[in-house]
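Atoms considered below: every heavy atom in the structure, side chains included; atoms not considered: hydrogens, waters and symmetry mates. Naming convention: chains lettered A, B, ... in sequence-line order (proteins, then strands); numbering from 1 in each chain.
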Amino acid sequence: MEAFTLRAIRTIRSIPAGRVATYGQVARLSGSPRAARQVVRVLVSCSRSHGLPWHRVVGAPCRIALPRGVEFDFQLALLSSEGVEVSDDGTIEPDRFLWRPEPSAFFFEA
DNA sequence: AACATGACGGACA
DNA sequence: GTGTCCGCCATGT
């Protein structure tokens with residue numbers, strides 16, 4: 001298994017409940033800035049076997065990436081149950097729910 | 001080895 | 001805001 005896959009799994013597992021992260025964000029935090037598509041692969045192939053919080057990963061526009069359907073509804077329900085407000089079309093307000101890994105380091109700047 | 005495929009992202013019209 | 005195009009890169013044919 002690729003090292004990136006392991007790092008991605010760790011990154012995804014560290015997303016706190018009640019927050020969401022984007023594919024690109026997970027890729028960057030996992031050390032491979034342009035590996036968003038690999039993050040997709042990790043979610044599809046490992047979410048069940050590794051018990052990953054797959055529902056906390058969304059697309060760059062801070063919107064559920066799944067096509068409309070039962071999966072979409074399921075992700076929306078899971079996020080709602082964690083307190084994340086998701087609109088009917090799947091969009092989430094980044095200012096309120098996007099995960100910010102180390103806010104303390106920049107909290108007092110600017 | 002060449003080619004198609006993704007729960008994507010960014011740039012641009 | 002929406003739609004298109006192209007880059008990305010591990011996997012499966």
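A straight line from CD1 of A/Ile92 to C1' of B/dA7 spans 13 Å, rounded to a whole angstrom. Computed from coordinates, the A/Phe74 CZ to B/dA7 P distance equals 18 Å when rounded to whole Å. Taking atom CG of residue A/Leu43 and atom C1' of nucleotide C/dC9, one finds them 16 Å apart after rounding to whole Å. Remark: C1' of B/dA7 and CG of A/Asp89 are 16 Å apart, rounded to the nearest angstrom. The distance between atom CG of A/Leu29 and atom P of B/dG9, rounded to the nearest whole Å, is 13 Å. If you take CH2 of A/Trp54 and P of B/dC8, they are 14 Å apart, rounded to a whole angstrom. Residue A/Arg63 contributes atom CZ, which lies 13 Å from atom C1' of C/dG3 at whole-angstrom precision. One can place CZ of A/Arg34 at 11 Å from C1' of B/dG9, the figure rounded to the nearest angstrom.
With B/dA7, B/dG9, C/dC8 as the choices, the nucleotide that has an atom nearest any side-chain atom of A/Ala60 turns out to be B/dG9. The side chain of A/Pro61 has B/dG9 as its nearest neighbour among B/dG9, C/dC8, B/dG6. Set against C/dC8, B/dG6, B/dA7, the side chain of A/Gln38 has B/dG6 as its closest nucleotide. Listed candidates were B/dA7, B/dG9, C/dA10. Nearest to the side chain of A/Leu66 is B/dA7.
Looking at A/Ile64, A/Leu66, A/Val84 one by one, the single match for side-chain contact (heavy atoms from CB on, under 4.5 Å) with A/Leu76 turns out to be A/Ile64. When each of A/Val40, A/Val42, A/Thr22, A/Ile15 is paired with A/Val57, the side-chain contact (heavy atoms from CB on, under 4.5 Å) condition holds for A/Ile15 and for no other.
A/Ala35 comes within contact range of no nucleotide atom at all, as no heavy-atom separation falls under 4.0 Å. In this structure, A/Arg37 reaches the bases: a heavy-atom distance under 4.0 Å links it to at least one base atom across the strands shown.
Closest-nucleotide positions on DNA chain B for A/Glu71 and A/Arg28 were compared, and the one nearer the 5' end corresponds to A/Glu71. When each of A/Arg41 and A/Val58 is assigned the nucleotide of DNA chain B bearing its nearest heavy atom, the one mapping closer to the 5' terminus is A/Arg41.
Taking the centre and axis of the six-membered ring of A/Phe72, the NZ or CZ atom of A/Arg68 falls inside the cone set by 45° and 6.0 Å.
From A/Gln38, atom CD reaches atom OG of A/Ser45 across 11.0 Å, with rounding to the nearest 0.5 Å.
Nucleotides B/dA7 and C/dT13 have their P atoms positioned 15 Å apart, rounded to a whole Å.
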Requested in this report: Verify side chain to side chain contact (heavy atoms under 4.5 Å, CB included) between A/Arg63 and A/Asp89, making sure each step is shown before the conclusion.
Outcome: CA-CA 8 Å; A/Arg63 156 186 296 197; A/Asp89 69 342; 3.4 Å; yes
